[in-house]
J.: 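Next up is a structure, given as C-alpha cells.
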Amino acid sequence: MMKKPTSQDTINPAHAYFLTVSPSTAHVCGYRFKDFCRFTFDTDDFNNCSWGDMKYQHVLSYIRHKQEEGLSVSTLKVMLANIKSLSEQCYVLGYLNIEEHWRIQKIKPVRGQTLPAGRCLTLEEILTLRTFYRQPHIDKRHAWNGATIALGLELGFRRIETRRLKVDDIDFITGTIVATGKGNKKRLIPLTDNAATALKTHLIANKVTKGFVFCNPYTLEPPSDQRQSYACETVGRLLNLSHFSSHDLRRTFATMLLDNGADLIAVQQLLGHASIEMTKIYDRRGERIKLSAINLLPY
C-alpha cells in the first residue's frame, strides 16, 4: 500500500489524491502515478517531483507513449482520468495555475473500442456449478468455494461485495441480502433459493455465526481477492470446466437476466451500476445474435 503522509510531511498532489479514494484504488493508482512521474520528472518519489512543471504536453506525450506500448483503449482512458485527477490536486494545492490545469482537463480520451473482457458461462456450465454448490458439503473448503461462486452467479456480487458481506446482511426469513458495493453504497437484493442454500451450507460447515461471512478463522478478517480467484480456479478444475473468473459469474448473471426478458433498468439496479451504459457492457446477447446470423449463410 502507498505510504500515508504524516504531520511532518508537506502533502504532495499524489498523496492528496490517495486521501480521496479507497485504499485499493490508491494502491493501483500509486503504481500508475509512479510510472507517470518517472516518465515526466525522472523520479518516482512523489515528494521530489517538480509538480509545478507538469504540462499539457507532458500528459499527451505520456499517453502516446503508453499507447505505443500496446495498452488497450480502456486502460488508456482510465490512466488519463487518473492523471486529470492528479492535475486537479496540483491545482488545488497551488502547484498549477488555472490555465495549465484547464488545458490538461481538456485532453480528449483515446478513441477506439476494445472487445469486452471475460466470457459468459454456458447454460451447461451454470447447471454444473449449481449442482456443486447446492449439495451438502462435508468439506469446509468446498462449502466456502461454493458459496462464493453462488453469490456471483445467483446474485451478481462483485468480489469486494463478497469480501464485505456480513452475517447480519443476510435475512433468510424475508429472503433478502444487502450488498455493500463501491463507495460503501448498499443495495437490497432478493435472495434466491440456490444462493440461500449455498450460504447456509457454508455458514454451518465453517461455523460462522457473526461478523464477516467469509473470513480468516484466526484473524476474523475478510479474504483477499486472490482467495476468491482461487475458489473459481479450484472448482473449475474439480468440475473440468473452462477457465472462468469471479467477474465472469457477474457477467453471466446479467446476461442470463437480459436473455430471459428482464428489464434493463432492473438489471442495472441489481448490479449496482451508476449508469445504464455500464450495464450494457455486461450484455453479451449480441455475440450469440451475430453467431446465429452468420450461421444462416448458405455456403
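Residue numbers count from 1 along this sequence.
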J.: Just by distance, do the side chain of N260 and the backbone of M256 share a donor-acceptor pair under 3.5 Å?
T.: yes
J.: Return a table of donor-acceptor pairs under 3.5 angstrom between the side chains of residues 152-161 and protein atoms on other chains or two or more places apart.
T.:
residue : atom : partner : partner atom : Å
E154    : OE1  : R130    : NH2          : 3.3
E154    : OE2  : R130    : NE           : 2.9
E154    : OE2  : R130    : NH2          : 3.0
E154    : OE2  : Y133    : OH           : 2.4
R158    : NH1  : E161    : OE2          : 2.6
R158    : NH2  : G272    : O            : 3.3
E161    : OE1  : R158    : N            : 2.8
E161    : OE1  : R187    : NH2          : 3.1
E161    : OE2  : R187    : NH1          : 2.6
E161    : OE2  : R187    : NH2          : 3.4

J.: I want to check something: taking the side chain as every heavy atom from C-beta on, are F132 and H142 in contact at a cut-off of under 4.5 Å?
T.: yes
J.: I want to check something: taking the side chain as every heavy atom from C-beta on, are I104 and M54 in contact at a cut-off of under 4.5 Å?
T.: yes
J.: If we check ring-ring contact (aromatic ring centres under 6.0 Å, His included) with F41, which of these qualifies: Y62, W51, F33, F46?
T.: W51
J.: Going from CZ on R103 to CG on L96, what distance comes out if it is rounded to the nearest 0.5 angstrom?
T.: 10.0 Å
J.: Looking at Q57, I'd like to know if its CD atom is crowded, meaning that more than 12 non-hydrogen atoms belonging to other residues, nucleotides or ligands lie closer than 6.0 Å.
T.: yes
J.: Could you tell me whether the side chain of I11 reaches within less than 4.5 Å of the side chain of L19, counting heavy atoms only?
T.: yes
J.: So, do L249 and F253 sit near enough that their side-chain heavy atoms are less than 4.5 Å apart?
T.: no
J.: Under the 3.5 angstrom rule, does the side chain of H15 hit a backbone N or O of N12 as a donor-acceptor pair?
T.: no
J.: Are side-chain N/O atoms of N82 and S85 paired as donor and acceptor at under 3.5 Å?
T.: no
J.: Under the side-chain hydrogen bond (donor to acceptor under 3.5 Å, both in side chains) rule, collect the residues that match up with N184, sequence neighbours excluded.
T.: R164
J.: Looking at every non-hydrogen atom in both residues, tell me the closest pair between T75 and S72 and how far apart they are.
T.: OG1-OG, 2.9 Å
J.: T252 and T255: side-chain donor and acceptor closer than 3.5 Å?
T.: no
J.: Counting C-beta onward and ignoring hydrogens, is there a side-chain heavy-atom pair between L60 and R64 closer than 4.5 Å?
T.: no
J.: Once ring pair (Phe, Tyr, Trp, His ring centres under 6.0 Å) is applied, do any residues pair with F214, and if so which ones, sequence neighbours excluded?
T.: W144, H202
J.: With a sphere of 6.0 Å drawn around CG of D263, does it hold more than 12 non-hydrogen atoms of other residues, nucleotides or ligands?
T.: yes
J.: Check this for me: K84, atom NZ, are more than 12 non-hydrogen atoms of other residues, nucleotides or ligands nearer than 6.0 Å?
T.: yes
J.: Are side-chain heavy atoms of L199 and L191 found at a separation under 4.5 Å?
T.: yes
J.: Using a 3.5 Å distance criterion without hydrogens, assess whether the side chain of Q228 forms a donor-acceptor pair with backbone atoms of T162.
T.: no
J.: Is it the case that more than 12 heavy atoms not belonging to K55 sit under 6.0 Å from its NZ atom?
T.: yes
J.: Between T197 (side chain only) and D193 (backbone N and O only), is there a donor and an acceptor less than 3.5 Å apart?
T.: yes
J.: Shortest non-hydrogen contact from P190 to L270?
T.: CD-CD2, 4.1 Å
J.: For the side chain of T20 and the backbone of Y17, is there at least one donor-acceptor N/O pair under 3.5 Å apart?
T.: yes
J.: State which residues pass side-chain hydrogen bond (donor to acceptor under 3.5 Å, both in side chains) with R227; sequence neighbours excluded, sorted by chain then number.
T.: N145
J.: Is there a side-chain contact between P23 and F18 (heavy atoms, below 4.5 Å)?
T.: no
J.: Counting only heavy atoms not in F212, do more than 12 sit closer than 6.0 Å to its CZ atom?
T.: yes
J.: Quick one: hydrophobic cluster around L188, which other residues, with the 4.5 Å side-chain cut-off, linked directly or via members?
T.: V178
J.: Report the residues that fulfil side-chain contact (heavy atoms from CB on, under 4.5 Å) with Q269, sequence neighbours left out, ordered by chain and then residue number.
T.: I265
J.: Please check if the side chain of K34 supplies one atom and the backbone of D44 the other of a donor-acceptor pair under 3.5 Å.
T.: yes
J.: Do the side-chain N and O atoms of T279 and H273 include a donor-acceptor pair separated by under 3.5 angstrom?
T.: yes
